[in-house]
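Below is one structure, written out as structure tokens, with a few remarks after it.
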Amino acid sequence: QVQLVESGGGLVQAGGSLRLSCVASGRTVSSYKMGWFRQAPGKEREFIAAITWSGGSTYYADSVKGRFTISRDSAKNMVYLQMNNLKPEDTAVYYCAASAVPYFPPRRYDFWGQGTQVTVSS
């Protein structure tokens with residue numbers, strides 16, 4: 001079992017930046033691949049980015065490439081999402097997730113956090 005807790009969401013103006021954090025706890029956290037997703041009102045959940053826990057390989061959705069950066073601090077069991085040049089369409093609840101699949105990027109995630117709200121005003 002893996003527990004995930006996100007933080008760092010809030011209200012920001014368009015063009016601004018936010019950094020989301022996700023702390024992971026539980027057994028063998030280092031064996032999981034990590035991802036960030038978001039869900040806007042009335043829309044399906046959308047994949048944003050993924051990272052391997054130890055290797056540092058990353059993968060991004062085209063919609064955020066060049067603006068968002070996923071990173072991790074293995075020693076602290078933390079995963080981050082740095083979001084720059086935010087746009088109103090980035091407004092959503094952002095979720096951290098962990099995947100136990102052996103391939104990368106994952107197509108299935110096994111554990112989810114509770115989410116953190118990001119609101120971008122125009």
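Partners of F111 by ring pair (Phe, Tyr, Trp, His ring centres under 6.0 Å), not counting sequence neighbours, listed by chain and number: Y32. When the side chain to side chain donor-acceptor pair (under 3.5 Å) test is applied to E46, the partners found at least two apart in sequence or on another chain are R38, S63.
Looking at N77, its side chain never comes within 3.5 Å of a backbone N or O of V23 through a donor-acceptor pair. Within the 3.5 Å criterion, the main-chain N or O of G8 finds no donor-acceptor partner in the side chain of S21. Of the possible donor and acceptor atoms, one in the side chain of K33 sits under 3.5 Å from a partner among the backbone N and O of V101. The backbone N or O of P88 lies less than 3.5 Å from no partner atom in the side chain of S122, so there is not a single donor-acceptor pair. Checking side-chain atoms of Y95 against main-chain N and O of E6 turns up no donor-acceptor pair under 3.5 Å.
Closest heavy-atom contact between D90 and N85: OD2-O, 4.4 Å. In plain terms, the two heavy atoms of L4 and A24 that are nearest each other are CD2-CB, 3.6 Å. Among all heavy-atom pairs drawn from V93 and Q117, the shortest one is CG2-OE1, 3.2 Å.
In this structure, F47 has its ring center under 6.0 Å from that of F37.
Linking ILVMFWY residues whenever their side-chain heavy atoms come closer than 4.5 Å, directly or via other members, leaves V2 and Y109 in distinct clusters.
Remark: N84 CG to R19 CZ distance equals 11.5 Å, nearest 0.5 Å.
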### Task
Output, in order, the C-alpha distance, side-chain angles, deciding distance and verdict of side chain to side chain contact (heavy atoms under 4.5 Å, CB included) for L20 and W36.
CA-CA 10 Å; L20 305 183; W36 284 97; 3.7 Å; yes
